[in-house]
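Written below as structure tokens is the structure these notes are about.
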Amino acid sequence: MTITDLNLIDIRRHLHAHPELSMAEFETQAYLKKIVTSWHSPWLTIREIPALPTALLVRLAGKHPKRTIGYRADIDALPITEETGLPFSSERPGVMHACGHDIHMTVALGVLAHFAERQPEDNMVFLFQPAEEEQAGGKQLYELGTFVNEWRPDEFYALHNQPAMRAGQIATRQGTLFAGSTEIHLTIKGKGGHAAFPHRAHDVIVAAAAFVMQVQTIVSRNVDPVHGGVVTIGMLQAGTIGNVIPNEAQLAGTIRAFKQPDLEMMQQRVREIAQGLETMYNVQFDLQLIQGGYWPVNNDPDTTKAFIQYMTNDDEIDFTTCEPAMTGEDFGYLINQIPGTMFWLGVGDDAHTLHDSRLSPDEAAIETGVKAIIKYLSWRMSE
């Protein structure tokens with residue numbers, strides 16, 4: 001496939017039909033690599049990371065480099081059974097690009113193809129990153145020493161598709177765009193028994209119910225109301241029949257906040273509540289809080305000012321500023337280490353949200369997004 005032959009819609013549909021979960025994106029990486037190597041661009045270099053074998057980095061040497069500009073696209077899918085009925089629906093049962101990473105990869109390829117054919121002024125590094133949905137692939141890559149010397153961007157950019165925005169619209173803001181997040185995994189162990197004799201049991205269901213209710217006070221009574229935060233328990237499993245008190249309950253949820261200190265304080269309050277309830281209900285709490293690399297996405301003031309300035313002044317680009325969202329994204333870790341900007345790309349499916357089994361982005365957003373990003377990056381390199 002040459003750059004001239006590049007059909008972004010076909011690429012997106014292939015990626016959509018062949019999703020892979022975090023750290024298992026081997027076919028996805030091979031497909032991306034095959035496309036990029038087929039271009040035979042003389043200023044293009046490909047790099048793989050043995051310790052994270054599904055990652056792919058592409059470097060373009062600039063003509064008169066003043067900086068290195070980084071662009072990141074995540075490549076993993078979710079453990080969701082697709083229900084769109086599309087002719088290019090997922091061919092893998094129980095796996096779907098329900099977060100739109102197929103759109104992310106396709107837009108990145110479109111931008112990369114442009115600069116692979118027309119040598120950029122500045123150096124560029126494109127990261128096709130595994131494991132955004134879990135295991136914080138961006139943080140892992142950083143800690144492996146990936147971004148050093150000629151592979152270290154001076155500034156980093158990335159997008160996330162947004163179904164609630166019209167196709168092709170772009171949005172971002174100064175400051176925090178997305179929240180940081182922490183996973184809650186809790187196992188409560190007690191003493192089971194007959195429902196008729198609760199005094200002989202140590203009831204894990206009552207303890208679990210108390211935990212669910214108590215953690216709802218963390219935000220309302222500990223977080224500054226203007227900062228924002230949320231604690232949600234999305235999974236609670238215990239027991240098999242109504243007249244038996246079970247021995248064990250399992251819960252899972254998430255903590256989210258716009259500021260890292262708030263997130264850390266909320267984690268501590270969850271621990272303290274668990275400790276108190278453990279004593280109160282005479283049960284054992286096995287609590288794990290996993291943040292990994294899911295820090296708040298705090299846009300860099302300088303790169304974001306430049307991005308907003310250009311997007312606002314170009315009458316051909318549909319741009320708006322936006323409010324922060326509780327969405328979690330591991331790009332937050334990367335731009336805590338390297339200045340950068342994340343932004344939304346509207347995909348026009350306001351009937352469905354991200355992570356919905358029926359999510360069906362409007363593919364018209366791909367070309368519009370590619371053109372806008374190429375224009376901005378070309379302008380940025382001309383400064």
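For the 3.5 Å distance criterion, the side chains of E25 and Q129 fail to qualify, holding no donor opposite an acceptor. Between the side chains of Q162 and Q169, no donor N or O sits under 3.5 Å from an acceptor N or O. For the residue pair Q268 and E264, no side-chain donor N or O sits within less than 3.5 Å of a side-chain acceptor on the partner. Under 3.5 Å, the side chains of T341 and T303 contain a donor-acceptor pair of N or O atoms. Side-chain atoms of S22 and E133 form no donor-acceptor pair, as typed in the model, at a separation below 3.5 Å. Side-chain polar atoms of T172 and N299 form a donor-acceptor pair below 3.5 angstrom.
In this structure, K63 places its NZ atom where more than 12 heavy-atom neighbours from other residues, nucleotides or ligands lie under 6.0 Å away. More than 12 non-hydrogen atoms from other residues, nucleotides or ligands lie less than 6.0 angstrom from CD of E383.
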Practice item. Output, in order, the C-alpha distance, side-chain angles, deciding distance and verdict of side chain to side chain contact (heavy atoms under 4.5 Å, CB included) for V36 and W39. Key: CA-CA 6 Å; V36 174; W39 298 338; 4.2 Å; yes
Review point. Between E316 and K375, is a salt bridge (Lys or Arg N to Asp or Glu O under 4.0 Å) present by the stated rule, with each step listed?
Key: CA-CA 10 Å; E316 295 181 354; K375 291 173 74 174; 2.9 Å; yes
Exercise for review: Determine, step by step, whether F156 and F331 satisfy the ring pair (Phe, Tyr, Trp, His ring centres under 6.0 Å) criterion, reporting the C-alpha distance in whole Å, the side-chain angles of both residues, the deciding distance to 0.1 Å, and the verdict.
Suggested key: CA-CA 9 Å; F156 233 145; F331 192 61; 5.6 Å; yes
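Between the E20 side chain and the E27 main chain, a donor and an acceptor come within less than 3.5 Å of each other. With H104 contributing its side chain and N161 its backbone, the two residues share a donor-acceptor pair below 3.5 Å. Of the possible polar contacts, none joining the R12 side chain to the T106 backbone as a donor-acceptor pair under 3.5 Å is found.
With contacts defined as side-chain heavy-atom distances shorter than 4.5 Å, the pair V283/K189 does not qualify.
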Please list, one pair per line, the donor and acceptor atoms closer than 3.5 Å that link side chains of residues 231-248 to other protein atoms, with sequence neighbours excluded.
| residue | atom | partner | partner atom | Å |
| --- | --- | --- | --- | --- |
| N247 | OD1 | G192 | N | 2.6 |
| E248 | OE2 | Q250 | NE2 | 3.3 |

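Listed by first then second residue, pairs satisfying ring-ring contact (aromatic ring centres under 6.0 Å, His included) with a partner in residues 164-183 read F178-W344, not counting sequence neighbours.
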